[in-house]
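Heads up: the structure comes next, in structure tokens.
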Amino acid sequence: MQPEIPKVYSPEAIEPHWARYWVEQQLYRPSDGAAIPRFSLSLPPPNITGSLHMGHMLEHTEIDIVMRWHRMRGQNVLWLPGMDHASISTQMIVERELGREALPDLDPGPAARRAWQREGQRRRLEMGPEKFVERCWQWKEQNGDTIRRQMERLGASVDWTRARFTMDPAYSRAVIEVFVRLYQEGLIYRGQYIVNWCPRCGTAVSDLEVAHEDRPGHLWYIRYPFEDGSGHIVVATTRPETMLGDTAVAVNPSDNRYRKLIGRKLILPLLKRVIPVIGDEFVDPNFGTGAVKVTPAHDPNDFAIGMRHNLPRITVIDFEAHMTAEAGPYAGLSREQAREAALRDLEAAGLVEKTEDYQLSVSICERCKTIVEPLLSMQWFLKMQPLATPAIRAVEDGRIRIIPESSNKVYLDWMYRIHDWCISRQLWWGHRIPAWYCGACGEVVVAREAPSACPKCQGSSLRQDPDVLDTWFSSGLWPFAALGWPDQTEDLRRFYPNDLMIMGYDILFFWAARMIVLGLKFTGDVPFRELYIHALVRDADRQKMSKTKGNVIDPIEITEKYGTDAVRFALASSAAPGTDIAFSDDKVQSYRAFANKIWNAGRFVLMNLGSLPEPALRHLGTALEPIPELGFDAVLHSEPASEALRLADRWIFSRLADVTLEMNEALAAYRFHEAAHTIYHFFWHEICDWYLEWVKPEITRPSEEPRVSPAWINLARVFESALHLLHPFMPFITEELWHQLPHTGEARSISLTRFALASPRAVDPVSEKQFETIRELVVAARNLKAEMGLQKEKPSAQVGSDDLRILELFRAHQETVLRLAGLEALNFVRGRLPADAAPVPLASGCDLRLFYERTVDPAAERARLERDLAKIQQQLDQIERQLSNGSFRSRAPQEVVAVAERRRTELADQHHRLAESLAKLDGAAEQTAS
RNA sequence: GGGCGAUUAACUCAGCGGUAGAGUGCUACCUUCACACGGUAGAAGUCAGAGGUUCGAAUCCUCUAUCGCCCACCA
């Protein structure tokens, strides 16, 4: 007994140690040789804005499982880590920090957050870009470090020597290179267009960063009088304040009500501007009044109409969502105030025909929830159409496989309808746009490096564009830029394209689509061959985790509470593709129990190992060295062993082979939950419940032999094999236990060993069948004992069968059966047992009875028999119904019919014997009664 | 307005054409020398509803209901 192995597993006692060990030993650098096959993946770089959340942990767990699995199958694995500068998020968080420093006394909460944000923004503008960006860098150093420590703690087997940050000088060079080349090809352009403008963030955002929310609102019907006083047209609008910027009213030219009015002039109410009635196909005659007010500067549709009809664009709302001077008397009001004022004035002028309640979809800034204002502004855009075509083809022809398949359609639908991408942001933290403007002649210079003079007029007053690029522009380069592109580095050559990418469905468009587009454009190859889309982690009530709801689970906290392995396993076993994960403490607890089970199984092995003499240990160490697959069954079968051990060993190795194949298949298809359940069940309910119990006497018997018994060797092999299979899911506990097993030679980590023990050759249906037969007997005996209330006793039992081979099998394993079933003795009878003993009929065709002193309550006995009989009856009915169906026999596969036949025979036999026992019982009762 | 997904034991979820499964919880018994974060045995489900295809459907098809998500330039 080694007292230093505690009974209850404490993850905190070993996990930090191995986490450090893996990093310090640099175990997860791929080898330098040209060893193929390789397997590569670039980590979706977490934003430096925060610490890791459960979504990251799920993602990192899934990736780590795949990486460790491939590594243990002998592949040269690169998992490249990194972090993203997250332009807009970081800027907001750093602003809030500044605000908090200025107003430290506010009670934390939504109101305080808003106040800090406002104050922080003010302070940012005060301090200027240089100082602010410096603050961001400080934040990055601090937070990047936190994230890295968290990843280490969670056991991510990444190669830290290759870590990248999206604003590293080398990475920034790639970003500029891409921008310049796209510009030179005419794919990047600059222009005044309607963009989604967030007045709170003070920047343009892309379509994807705008969320839509249905809110109750109104539809106001407003009269626009004709210039000549001959009546009016009624238009319907949800945003009356924008009418100040109207430059036309549009109707559908095919609309008979309005057709003849096209070309006439209206007087725009409130501002008294004269605007024309125009005809445009866009207008839906069936909506509202069939006449639309056109505001080219404040609505994307109207902008398009304006383009077609050459309408003026009048900006009446500014970048802070206040009314401009163009709004006349409303100038200076907020958009909300302007709406009220305009309605009041229209009402007063009798121009509001009616008001209807109306459910409208408002656009809000994904980040700060402020209502987005479509505004005209000068921005940089990337033309997507020409780039989308190859990106569509790559997925359609299978060069990129998206899993699960349903995501394919989502991706393609979006790609087919793609719009140009606004890539400039009015922010300070990020990649500065490499464009310079000449103060003298207005020339725009896009270049890799700051030009010293204007190439057109030689003027020297060049000013760089103050804006930065959308974060996703730079992260879109991740799979190749992180490997050193634009230089043709060795890493790029060896690890690009990546074999796999794993991400959540929430960033499929933001990121996956852009990586595919840019990867194909700049490397001529796909960025990754497979894309696995994982689910989102929600709380126990399926709510999204969010700080405001207060339901966020911190990965480190829960990891410290239950152990990383338990949390990882809980995530992996819940990760069925397609559905989000409802995550709860309960789940983790049950896998902590699993870890404890593994620990104690290990303790059992190691404790007994401790009692072995030194030479025996060396012998075992040698036996545990990886052996070539071919040698496996030779070793298994050549060792002399008792009949009993050979069956248990053959069975467990057969199951081990099955399980290994199943797990490999599941993991290859990213069915993490399936693989997890398979190993869970195998370890607990086969290895622990049956195999360990079966071989226990052999193992616990003290030995002074220099060579350990075959039982020992096989136990150690099974246990080590199970550790191998578990390792990708539970790296810490398996690493610890593996190191405690005797190994000869250099043993650096279980994660670097190759799993070679499970040969398909070990699959042995005969042994599995024999084992099942014995298990049925043991379970039936235990059951009967419990039924009879004999749990505490050790009764004797009798088995009867016509099948001598089964009796022979039981006799050979008599000792084991007695021990596992808790029986005193077992005797064998050729033929069936008498019905008046009310034996239990087994599916294998045997009868089992117990001998006991106590007189049995006939009513209880009867209840048992009736219950069993009813169960059998039901099953029998079902199968008879099936077999009596002629078309089943003629149409179902032969195999299926044969199985059904066999099953019917078994059931009919059991049914017959139960009925017989019941009849005897009734007969006896009648006799007693008479 | 389009599209996708879910609906299976008290709870959380697997299974997705051939005898209804797991974990948790529940019941009874057991502190037996790996483990009470344990062991043994057990109870528990007309697989949302209605049609259809099939020898056979929880599984495929259609419709309905409820819930959830994504996309969309209907003022």
Side-chain angles (χ1 to χ4, degrees), chain A residues 1 5 7-9 194 207 212 219 235-239 242 250 282-284 286-295 299-304 358 360-361 363 374 406-407 409-410 413-414 417 419 505-506 508-509 536 540 542 562 566 570 573-574 576 578-584 586-587 589-608 671 673-674 677 680-681 685 688-689 692-693 696 699-700 779 782-787 789-792 820-822 874-875 878-879 881-882 885-893 895-897 899-900 903 907:
Chain A
M1 180 86 180
I5 308 181
K7 267 166 105 159
V8 175
Y9 172 53
I194 291 266
D207 294 344
H212 301 277
L219 198 53
V235 301
T237 181
T238 56
R239 296 200 60 194
T242 63
F282 170 80
V283 179
D284 175 2
N286 298 316
F287 189 91
T289 61
V292 187
K293 59 190 267 321
V294 182
T295 323
D299 181 282
N301 292 318
D302 294 4
F303 180 82
Y358 186 71
L360 67 150
S361 168
S363 301
S406 55
S407 300
K409 198 171 134 46
V410 180
D413 283 353
W414 189 76
R417 288 181 308 180
H419 298 293
Y505 56 73
D506 52 334
L508 180 65
F509 306 138
L536 262 36
R542 317 207 111 266
Y562 299 111
S573 67
S574 320
T579 30
D580 285 348
I581 294 172
F583 189 83
S584 66
D586 286 9
K587 234 170 235 172
Q589 276 181 44
S590 70
Y591 294 112
R592 176 183 61 179
F594 182 45
N596 194 55
K597 188 76 181 175
I598 297 167
W599 182 254
N600 278 290
R603 207 163 71 94
F604 171 73
V605 172
L606 295 167
M607 263 168 37
N608 288 299
R671 292 196 302 263
H673 66 298
E674 229 175 88
H677 287 135
Y680 179 94
H681 183 267
H685 299 299
C688 292
D689 290 353
L692 281 187
E693 293 302 330
K696 204 172 246 178
I699 298 309
T700 49
V779 169
R782 286 166 174 172
N783 184 344
L784 201 51
K785 273 180 69 180
E787 290 279 344
L790 304 172
Q791 289 103 326
K792 281 184 168 169
L820 295 182
Q874 201 189 4
Q875 292 172 16
Q878 197 179 339
I879 208 133
R881 224 174 305 133
Q882 193 173 34
N885 183 338
S887 27
F888 171 70
R889 287 177 178 285
S890 56
R891 301 216 185 192
E895 224 178 72
V896 175
V897 178
V899 167
R903 192 167 150 68
L907 286 169

Problem set entry | Atom C1', compared across B/U19 and B/U59: separation rounded to whole Å | 15 Å
For this session: Between A/Ser361 and A/Leu219, name the one whose nearest nucleotide on RNA chain B is closer to the 5' end.
Result: A/Ser361
Problem set entry | For A/Asn885, side chain to side chain donor-acceptor pair (under 3.5 Å) partners two or more places apart | A/Ser887
Exercise. Stem ranges for RNA chain B, with three or more consecutive Watson-Crick or G-U pairs under 3.5 Å?
Worked result: B:1-7 with B:65-71, B:10-13 with B:21-24, B:26-30 with B:38-42, B:48-52 with B:60-64
Problem set entry | Nucleic acid footprint by protein, nucleotides 25-37 of chain B - heavy-atom cut-off 4.0 Å, B for base, S for sugar-phosphate alone | ----SS---BB-B
Exercise. In chain order, what residues pass the salt bridge (charged side-chain N to carboxylate O under 4.0 Å, His left out) check against A/Lys696, with sequence neighbours excluded?
Worked result: A/Glu693
For this session: Output all residues satisfying side-chain contact (heavy atoms from CB on, under 4.5 Å) with A/Arg592, sequence neighbours left out; order by chain, then residue number.
Result: A/Tyr562, A/Ala566, A/Gln589
For this session: Applying salt bridge (charged side-chain N to carboxylate O under 4.0 Å, His left out), name anything that partners A/Arg671, two or more places apart in sequence or on another chain.
Result: A/Glu674
Problem set entry | salt bridge (charged side-chain N to carboxylate O under 4.0 Å, His left out) against A/Asp413, all qualifying residues, sequence neighbours excluded | A/Lys409
Seminar exercise, completed: In B/S/- notation (B base, S sugar-phosphate only, - none; protein heavy atoms under 4.0 Å), nucleotides 1-11 of chain B written 5' to 3' is --S--------
For this session: Return no unless some side-chain N or O of A/Tyr358 is found under 4.0 Å from OP1 or OP2 of B/C74.
Result: no
Exercise. Which part of the nucleic acid, if any, lies within contact of A/His677, taking any heavy atom under 4.0 Å across all strands shown: a base, the sugar-phosphate backbone alone, or nothing?
Worked result: nothing
For this session: For A/His681, enumerate each residue passing the ring pair (Phe, Tyr, Trp, His ring centres under 6.0 Å) test, keeping only those at least two apart in sequence or located in another chain.
Result: A/His685
For this session: Would you indicate what A/Tyr591 reaches in the nucleic acid, counting non-hydrogen atoms under 4.0 angstrom: base, sugar-phosphate, or nothing?
Result: nothing
Exercise. Taking only residues two or more places apart in sequence or in another chain, which ones pass side chain to side chain donor-acceptor pair (under 3.5 Å) with A/Asp580?
Worked result: A/Tyr505, A/Arg538
Problem set entry | Presence of A/His685 side-chain N/O under 4.0 Å of B/G39 phosphate oxygens OP1/OP2 | no
Exercise. Which part of the nucleic acid does A/Ala236 contact within heavy-atom distance under 4.0 Å: base, sugar-phosphate only, or nothing?
Worked result: base
Exercise. Can you name the side chain to side chain donor-acceptor pair (under 3.5 Å) partners of A/Gln791, sequence neighbours left out?
Worked result: none
Exercise. What pairs with A/Lys293 under salt bridge (charged side-chain N to carboxylate O under 4.0 Å, His left out), at least two apart in sequence or on another chain?
Worked result: A/Asp246
